[in-house]
Amino acid sequence: MASIPAANGPARPRCPESSRGLPIRHPGDARPGCNLYGGTLSARNSVVVRLAGESGEGVISCGDILTQAAARGGYYTQTFRTFPAEIKGGPCMYQFRLSDEPIWSHGQDVDLLVCFNQEAWDLNWDSLGPEGVILYDSVEVTIPDEYLDRARPVRMDELAKEIGGSTRAKNMVAAGAITAVIDFDTTPIEELVLRRYAHKEGVADANIAALHAGAEESADLKGRYPLVPPVEVEEDRMLISGNQAIAVGAVAAGVNYFAGYPITPASDILEWLSVRLPQVGGLTIQCEDEIASLASVVGASYTGAKAMTATSGPGISLMNELIGYAGTAEIPVVIVDAQRGGPSTGLPTKTEQSDLNQALYGSHGEAPRVVIAPVSVEDCFYSIVDAFNYAEEFQVPVLLLTDQGLATRLEVIHRPDPEKLNIVQRKTSAGIAREDYKRYEYTESGVSPMGLPGEPNGMYVATGIEHDEYGHPGYTPEIHLGMQNKRLGKLEPIRETSRVATHGEAQPEDIAFIGFGSTFGPVREAVDRLAEQGLSVGAFYPRVLGPFPASRVEAFVANAKRIIVPEVNYTGQLARLIKAETNINELESVAKCDGLPFTAEAIIDLAAQEVAA
Amino acid sequence: MASIPAANGPARPRCPESSRGLPIRHPGDARPGCNLYGGTLSARNSVVVRLAGESGEGVISCGDILTQAAARGGYYTQTFRTFPAEIKGGPCMYQFRLSDEPIWSHGQDVDLLVCFNQEAWDLNWDSLGPEGVILYDSVEVTIPDEYLDRARPVRMDELAKEIGGSTRAKNMVAAGAITAVIDFDTTPIEELVLRRYAHKEGVADANIAALHAGAEESADLKGRYPLVPPVEVEEDRMLISGNQAIAVGAVAAGVNYFAGYPITPASDILEWLSVRLPQVGGLTIQCEDEIASLASVVGASYTGAKAMTATSGPGISLMNELIGYAGTAEIPVVIVDAQRGGPSTGLPTKTEQSDLNQALYGSHGEAPRVVIAPVSVEDCFYSIVDAFNYAEEFQVPVLLLTDQGLATRLEVIHRPDPEKLNIVQRKTSAGIAREDYKRYEYTESGVSPMGLPGEPNGMYVATGIEHDEYGHPGYTPEIHLGMQNKRLGKLEPIRETSRVATHGEAQPEDIAFIGFGSTFGPVREAVDRLAEQGLSVGAFYPRVLGPFPASRVEAFVANAKRIIVPEVNYTGQLARLIKAETNINELESVAKCDGLPFTAEAIIDLAAQEVAA
Amino acid sequence: MSTRKPNDYKSELKPIWCPGCGDFGVLASLYRSMADMDLDPAKTVIVSGIGCSSRLPHFASTYGVHTLHGRPLPVAMGVKLANPDLTVIAVGGDGDGFAIGAGHFPHASRRNIDVTYLVMDNEIYGLTKGQASPTSLFEQKAPSTPFGNPEDPLNPLALAIAAGASFVARGASFNTKALTELITQAVEHKGFSYIDAMSPCTTFNNTQESWKDAVTDVAPDHDPTDRVKAFDLALRGGFSLGILYRQERTTQTERYKAILEQAKPSDVNVMLDGFNARKGAAIGKPA
Amino acid sequence: MSTRKPNDYKSELKPIWCPGCGDFGVLASLYRSMADMDLDPAKTVIVSGIGCSSRLPHFASTYGVHTLHGRPLPVAMGVKLANPDLTVIAVGGDGDGFAIGAGHFPHASRRNIDVTYLVMDNEIYGLTKGQASPTSLFEQKAPSTPFGNPEDPLNPLALAIAAGASFVARGASFNTKALTELITQAVEHKGFSYIDAMSPCTTFNNTQESWKDAVTDVAPDHDPTDRVKAFDLALRGGFSLGILYRQERTTQTERYKAILEQAKPSDVNVMLDGFNARKGAAIGKPA
Ligand SMILES: Cc1ncc(C[n+]2csc(CCOP(=O)(O)OP(=O)(O)O)c2C)c(N)n1
Ligand SMILES: Cc1ncc(C[n+]2csc(CCOP(=O)(O)OP(=O)(O)O)c2C)c(N)n1
Ligand code: SF4
Ligand code: SF4
Ligand SMILES: [Mg+2]
Ligand SMILES: [Mg+2]
């Protein structure tokens with residue numbers, strides 16, 4: 001019996017309901033309560049704050065500034081944001097979790113919910129944790145009676161207007177109110193505000209006044225939800241998003257050329273590199289579309305440049321033909337896919353891991369490529385370095401898969417040391433005599449030295465037509481089989497040598513989690529908590545999905561009673577890949593298709609209940 | 001242990017050699033001989049003729065005319081051609097097999113090899129069967145001594161020049177020589193020549209003179225290789241290629257709109273329909289590229305037209321984004337992929353089955369589609385009808401995969417009866433009240449009535465953005481999961497109801513063959529011959545690969561000792577698909593990557609020797 | 001006389017554009033023009049790509065196709081060819097039409113497809129938050145051109161004239177009366193009509209005031225049938241509003257109709273008979 | 001003085017074109033022009049798409065990139081931007097450049113990429129056996145236009161002028177001396193130079209004789225710096241050989257060089273420091 005229950009969904013479409021593993025709650029469901037006004041809770045080492053409002057109300061910048069201030073104050077942070085695909089209007093949400101210790105996910109049960117408007121309450125009330133409390137705009141929001149003992153109205157609109165003449169600074173009033181509740185020093189926030197509005201006189205002052213007014217407003221709640229203060233705060237901490245880690249990592253890897261076309265949620269990389277790349281002598285160019293972007297990257301790489309592009313699903317769909325070309329002509333290129341909800345235009349600002357199949361199998365025929373999925377923001381940095389290294393070493397296109405959640409979330413990480421990176425350079429024709437040079441020579445490794453323009457002995461014609469060792473067109477069975485052996489065979493060593501993220505038992509006996517990409521954080525947390533319950537649990541995250549490390553996955557699950565494969569998509573793509581590539585036949589595929597990342601709690605729930613077929 | 005040995009090729013690239021299952025022979029290898037001059041062989045009911053020469057020498061048209069004459073004379077035929085990707089020059093080959101009984105493959109051992117030039121001999125001598133004989137140009141070709149007793153020089157060049165003043169009619173001299181050897185009446189050839197050159201006075205005469213001269217030239221060999229004459233010849237036989245069967249089948253299915261961009265080997269469909277579609281009130285248009293082609297097909301279908309396009313791999317790579325759009329907006333489209341050797345520009349005139357993965361998984365996100373692979377020329381006709389039916393019934397893109405071999409080969413089939421076809425029409429909004437109409441309504445079947453412009457109550461906006469039942473943009477978890485359930489769930493019934501081609505035992509005990517597409521012919525022949533050897537053998541060819549008929553495949557192999565999955569590609573795509581989708585874990589993947597179709601003999605060889613891992 | 005009112009063309013969805021966005025003015029002009037022409041909503045199809053402007057079909061109560069980024073024109077062509085009775089209006093942004101969609105524009109023009117193409121040109125990518133577009137100014141600073149845009153802008157009107165569009169005009173969102181009139185003329189024109197509608201993005205490229213100052217009307221003595229003069233006018237600085245070029249030429253729809261008339265009627269049975277093995281199909285390409 | 005001979009640029013592969021194909025003449029002109037300019041083969045990159053004409057790089061002993069159908073221009077741009085020391089020549093067919101590649105041509109033109117683009121225009125799809133191309137004549141019969149081509153041809157020269165190409169010329173394969181000279185001028189021109197090389201397909205669209213009769217030279221008094229006049233000339237019937245338009249304008253290469261000079265040098269360590277959590281990165285978009 002096949003054992004991928006989520007496979008292609010149920011036999012008949014059903015009415016929408018929440019995704020597997022995430023219970024649906026309805027207003028009025030009884031919930032374990034707590035009292036906002038009844039004495040102080042004990043200090044905790046992690047707090048989850050969620051801000052919710054309308055796009056345009058400053059929810060995102062409020063979250064960003066609090067996160068930055070927290071990082072500045074020495075906390076570890078994880079954030080998660082969701083906003084509409086439109087420029088103005090529509091619900092938007094920013095969740096951040098702070099802790100004095102490293103944390104791996106943004107948390108499920110919200111401790112402090114801040115509602116800018118009524119819709120914010122309606123959409124987010126059910127995220128409240130058992131001890132969760134609420135701040136809400138005194139004018140815009142009405143809270144049901146049963147929640148009143150843990151809710152506090154804040155005159156966000158009112159105070160903002162009083163201070164600045166408009167509701168602009170509403171978000172700063174909210175920020176102030178929050179700092180009081182979690183007992184958080186406002187100084188770093190003030191510094192950030194001053195820096196941000198350095199050029200706009202008056203604006204900074206108004207914002208700081210709003211901040212103080214907000215803090216005043218909930219001064220009586222001060223320390224109601226205290227956070228353990230951070231103890232040891234290393235100097236090397238950075239606050240950075242996944243997209244930024246990729247961009248700066250690319251610079252560390254030596255990128256010379258970036259071409260791209262704007263698309264959510266990948267545009268950050270284009271924009272950041274358009275400022276930075278010229279500073280290190282490289283070029284960033286915005287092209288007329290994704291096809292031209294990758295085409296020009298191919299051209300740049302042909303000359304020896306380290307070249308890359310970044311896009312999201314729709315862009316990858318357009319790039320397929322050129323991915324096959326780069327693979328066939330053996331030209332190194334790096335392509336970042338910041339996945340978003342699909343299919344088609346889909347959900348541009350929601351997260352999903354649904355481009356794995358396309359990354360592995362897109363492009364007609366059988367074109368070589370390496371597919372990498374970093375598991376955290378920090379890993380984004382190291383993975384883009386890997387991506388360039390694989391591209392250059394194997395002369396192959398490399399796809400790096402992140403997702404909207406990972407690409408845009410801010411995380412506190414430790415500063416990587418660029419000096420310690422191993423940077424691979426391409427094998428070139430330099431030093432080979434003209435008469436001995438064959439661009440596509442059959443070699444032991446399958447990799448042949450690449451002629452670079454300027455080098456007199458390396459002249460050749462790169463081509464996507466089947467060709468012999470010289471690059472001359474040829475269609476005989478011998479040439480075709482020989483070249484497919486070369487192009488696909490050269491990647492084989494990667495199966496055994498690729499980096500893997502693991503946590504917990506190396507060969508767990510109870511539960512073996514296999515996943516890819518951004519689900520690693522919550523799974524990692526879940527593994528620790530399940531282990532505390534006495535279970536033998538482990539997680540195995542291949543960073544390289546193609547070529548797939550089949551035998552290492554097989555070894556990992558050798559003793560496991562259960563194999564759980566969580567992923568944020570509909571059809572269970574990784575689960576199918578595992579079945580196709582390994583001897584594993586029985587596994588539990590947990591495919592969640594709601595545009596939201598997993599939480600550690602949801603993973604723990606999975607462990608508690610066997611997934612029904 | 002994983003059991004797909006061909007998977008991703010060997011761990012290290014190796015020097016080119018012939019593909020698995022096709023023995024390499026070297027000149028000088030001892031071969032069982034026969035003597036062309038030593039008495040008549042007994043009449044056979046199948047003969048395999050191979051013509052070989054240089055592109056431009058008329059090899060293809062010689063093959064076509066002989067095939068047509070044979071079909072006219074009442075024989076069943078199968079052909080296979082290979083030619084260079086260039087317009088002029090390069091080796092080209094035409095093989096045809098004739099029989100008085102239905103045949104399923106083009107044959108492996110050549111009975112009569114006709115060499116137009118020296119290279120033709122050098123490239124093709126090793127295809128000769130044990131009793132094979134040779135005709136060769138008396139000037140251009142030298143045959144090794146050990147073959148002389150079964151080879152006959154023919155003054156092709158010389159006679160052609162004598163008759164027409166140039167070597168133009170060389171191929172007709174060859175045709176004449178062939179007719180003598182296989183004891184074939186020249187009348188139907190003459191009729192065809194007359195028809196072809198009806199408008200060009202003199203040319204027909206010269207060709208017929210050349211034909212007679214050729215026949216004269218080998219008159220002494222008359223009947224040396226006699227074919228059993230056909231007995232019962234039904235009136236309803238047609239001679240047709242895969243591309244043509246698709247084109248005329250599309251007309252039978254009611255196609256109104258075709259848009260395409262030329263590409264080998266799919267252009268025939270565009271060209272044929274550009275003549276024929278206007279004759280039934282439809283339109284054919286050549287667009288600026290494949291993206292525009294599919295886009296305009298989407299537009300046409302939006303209005304209610306039955307609309308299609310046809311391309312090959314590179315075109316599909318470009319169409320991926322629109323395939324996802326059509327799936328998401330639920331607009332029926334039919335896309336033919338006449339596969340050729342890949343990846344990239346690859347081998348435009350060679351055959352391969354390497355676009356299966358891209359057909360199943362191309363396009364980002366998880367976009368619904370149906371993937372069909374017809375198993376024969378006749379089946380091309382019925383499969384394109386299925387394709388339209390699925391598209392219209394389920395409002396989904398349908399991909400029809402053929403390959404160069406199937407698309408271009410000529411086969412004698414029985415005339416389909418268009419009256420007997422079941423033609424499905426789209427469910428529309430006609431008769432639904434405006435206030436009740438929701439374009440993307442959740443229904444029991446998952447299919448919702450489609451508003452067609454002109455219908456006042458059906459107005460809606462088709463969109464690839466995630467949307468609610470009305471088609472209004474919406475990104476909540478409920479909407480996304482609900483719509484993915486709808487779009488993917490509606491296709492589930494197809495798993496159980498799709499047509500399957502089978503042959504031999506329904507649940508074989510010795511060998512179970514699973515394959516797709518054009519390998520069915522040789523496998524079918526092999527099954528018969530293996531069954532004659534006393535083995536319990538069967539073949540199961542799902543015509544619909546996606547959604548995959550998993551449980552039916554599982555039932556088929558339930559008792560089988562061996563499962564063999566032959567396919568013409570490198571990575572064993574179908575084998576992996578079977579593993580991913582079913583509970584089958586042990587199978588023998590036989591992936592052959594040489595640009596050539598399987599022969600029945602190669603399949604039988606496979607059965608004889610277990611494939612080593 | 002028109003029986004429909006502009007409001008009759010409003011859908012139940014409210015535009016999600018930023019306050020002040022030029023696209024409101026374009027939409028209002030379109031509503032009014034449709035009412036003026038009394039277009040049957042059920043026989044009108046608005047086709048768009050992706051972008052802020054491309055959301056427009058959702059706000060109109062007609063048939064609509066919200067396609068992919070850059071693809072409105074070939075989709076619109078398919079709609080019109082398959083059902084020539086429909087009025088087909090393609091809309092979108094400058095990025096949609098002239099960056100990713102640049103390959104389709106010349107072909108729509110030369111084919112003279114019977115479609116009106118209304119581009120809301122804000123010289124920026126609105127939806128993706130303000131990057132430079134193909135019509136952004138040289139040296140313009142934007143998130144992906146922090147050193148100033150190194151590229152000269154395309155001139156869509158000049159391009160349209162060169163590619164063979166048979167109606168080329170410029171309008172402005174802040175001049176709805178004239179724009180309404182232009183849209184009406186464009187829709188009533190036989191063949192491919194292109195309107196460049198200046199439509200400021202108040203959030204990322206607020207050109208509203210400077211554009212209001214810069215526009216002038218096409219001189220009354222301009223001869224719109226002179227292709228070279230139209231080209232000249234398109235190249236000149238300043239923004240001349242009105243019809244730059246107009247040509248009478250058979251449309252794609254008419255040409256395909258002629259093909260249908262030319263084709264000898266047949267049916268699938270006749271076609272199948274063409275492959276009959278006994279009768280022998282033609283050599284090379286049977287039937 | 002040149003030290004290299006045309007034959008020095010020949011590769012070991014013999015062209016696979018049909019006897020009489022115009023592409024032979026274009027290739028010969030290119031060999032000769034390269035020799036005239038004494039181009040260093042190791043610093044010359046010929047980039048092509050797919051088609052009969054696009055096979056050209058294989059026959060030249062320089063660096064070459066035989067790309068995909070329609071993509072030579074963006075690939076060529078990447079080559080040139082990444083290594084401005086190289087001489088980059090893009091070549092291809094009319095289908096390659098103006099059907100599937102039509103979206104890249106206007107952008108190469110407006111960006112003034114420092115590349116010469118030599119299109120072997122045979123007004124047909126050669127490699128796929130004779131279908132109509134975007135430059136095929138109206139009513140031309142071809143395998144996919146059995147009722148005659150219903151589309152008006154594109155005028156690549158007019159399009160190039162409208163899109164901002166800074167060098168636009170026409171040559172002919174049967175006039176190798178003049179074509180050689182044009183190629184040399186185009187390569188020596190700073191910025192994007194487009195040459196429409198009339199190159200008959202003797203197998204599927206044998207226009208050789210009629211073209212030979214039709215060509216004339218650009219009138220000596222034509223002012224190639226006048227864009228409107230150039231456009232006018234491009235539109236006129238007949239085939240005028242020579243330079244229609246030429247403009248001095250900063251090239252893409254120069255503009256990107258200016259950006260590099262403008263940018264404040266930095267390194268990855270400084271960039272990483274910008275994210276330091278204690279120092280607090282800028283709001284919204286840290287660093
Ligand atoms: C294939 C693809 N690439 C990129 C995007 C992202 N994208 C959406 S709209 C847009 C540009 C919008 O600019 P424009 O067309 O001028 O419309 P505006 O928003 O300015 O009205 C881009 C790049 C996409 N949706 N699809
Ligand atoms: C994506 C894609 N679509 C279609 C083709 C098939 N194809 C190859 S060359 C060609 C057109 C050739 O015409 P042109 O560019 O004018 O070159 P010519 O052969 O006339 O020199 C086409 C359609 C392809 N190789 N790739
Ligand atoms: S971002 Fe600009 S174009 Fe988009 S809605 Fe806002 S103002 Fe209009
Ligand atoms: S088909 Fe035409 S373009 Fe191609 S090589 Fe032959 S003559 Fe030249
Ligand atoms: Mg815009
Ligand atoms: Mg051509």
Side-chain angles (χ1 to χ4, degrees), chain C residues 70 81 98-107 109-113 134-135 138-139 143 145-164 166 226-236 249-263 285, chain D residues 70 81 98-107 109-113 134-135 138-139 143 145-164 166 226-236 249-263 285:
Chain C
L81 279 179
F98 302 114
I100 194 165
H104 307 304
F105 186 64
H107 293 279
S109 300
R110 78 183 177 95
R111 287 180 185 131
N112 208 19
I113 70 174
T135 56
F138 177 52
E139 299 198 322
T145 53
F147 299 94
N149 183 13
E151 304 180 354
D152 291 294
L154 273 184
N155 184 324
L157 295 119
L159 214 58
I161 294 164
S166 59
D226 185 326
R227 197 165 164 196
V228 174
K229 290 231 177 79
F231 184 74
D232 191 12
L233 184 56
L235 291 189
R236 286 179 198 283
R249 186 160 111 245
T250 52
T251 67
Q252 185 185 43
T253 325
E254 288 163 350
R255 290 181 181 176
Y256 274 93
K257 248 182 216 153
I259 286 179
L260 285 178
E261 280 158 20
Q262 218 179 309
K285 310 215 159 182
Chain D
L81 278 178
F98 302 114
I100 195 166
H104 307 303
F105 186 64
H107 293 280
S109 299
R110 77 183 176 97
R111 288 181 184 131
N112 208 18
I113 71 174
T135 55
F138 176 53
E139 299 198 320
T145 52
F147 297 94
N149 183 14
E151 304 181 352
D152 290 295
L154 273 184
N155 183 324
L157 295 118
L159 215 58
I161 294 165
S166 58
D226 185 326
R227 197 162 164 201
V228 174
K229 291 233 178 77
F231 184 73
D232 191 14
L233 184 55
L235 291 189
R236 286 180 199 283
R249 186 160 112 244
T250 53
T251 67
Q252 184 186 44
T253 325
E254 288 163 350
R255 291 182 181 176
Y256 274 92
K257 249 183 214 152
I259 286 179
L260 284 178
E261 279 157 20
Q262 217 179 310
K285 310 217 158 180

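Values reported hereafter were calculated over all heavy atoms of this structure, with side chains retained and with hydrogens, waters and symmetry mates removed. Values in this document were obtained by computation on a predicted structure and should not be read as measured data. Below, read A as the first sequence line, B as the second, and so on, with proteins coming before strands; counting in each chain starts at 1.
- The heavy-atom pair separating Ala158(D) from Ala162(C) by the smallest distance is O-CB, 3.7 Å.
- Here the closest heavy-atom approach between residue Leu154(C) and residue Ala163(D) is recorded as CD2-O, 3.9 Å.
- With a 4.5 Å cut-off on non-hydrogen atoms, Ala160(C) does not touch chain D at all.
- Heavy atoms closer than 4.5 Å to chain D are found nowhere in Pro156(C), neither backbone nor side chain.
- Contacts with chain D were tallied for Gly164(C), Pro134(C), Pro106(C), Pro153(C); Pro134(C) has the most, counting heavy-atom pairs under 4.5 Å.
- A salt bridge does not link Lys229(D) to Asp232(C): none of the charged side-chain nitrogens sits closer than 4.0 Å to a carboxylate oxygen.
- Interatomic distance, Phe138(C) CZ to Thr250(D) OG1, rounded to the nearest 0.5 Å: 5.0 Å.
- In this structure, NE2 on His107(D) lies 9.5 Å from CZ on Phe98(C), to the nearest 0.5 angstrom.
- The greatest number of non-hydrogen atom pairs below 4.5 Å with chain C, out of Ala258(D), Gly103(D), Gly148(D), is found for Gly103(D).
- Taking every heavy atom of both residues into account, Ile161(D) and Phe231(C) meet most closely at CG2-CZ, 4.2 Å.
- Most heavy-atom pairs under 4.5 Å with chain D, from the set Arg249(C), Gln252(C), Glu254(C): that is Arg249(C).
- With a 4.5 Å cut-off on non-hydrogen atoms, Pro146(D) does not touch chain C at all.
- Cation-pi geometry between Arg255(D) and Phe147(C) is not satisfied (NZ or CZ under 6.0 Å from the ring centre, within 45° of the ring normal).
- The two atoms that bring Asp152(D) and Arg110(C) nearest to each other are O-NH1, 3.0 Å, heavy atoms only.
- At a 4.5 Å heavy-atom cutoff, Ala234(D) makes no contact with chain C through either its backbone or its side chain.
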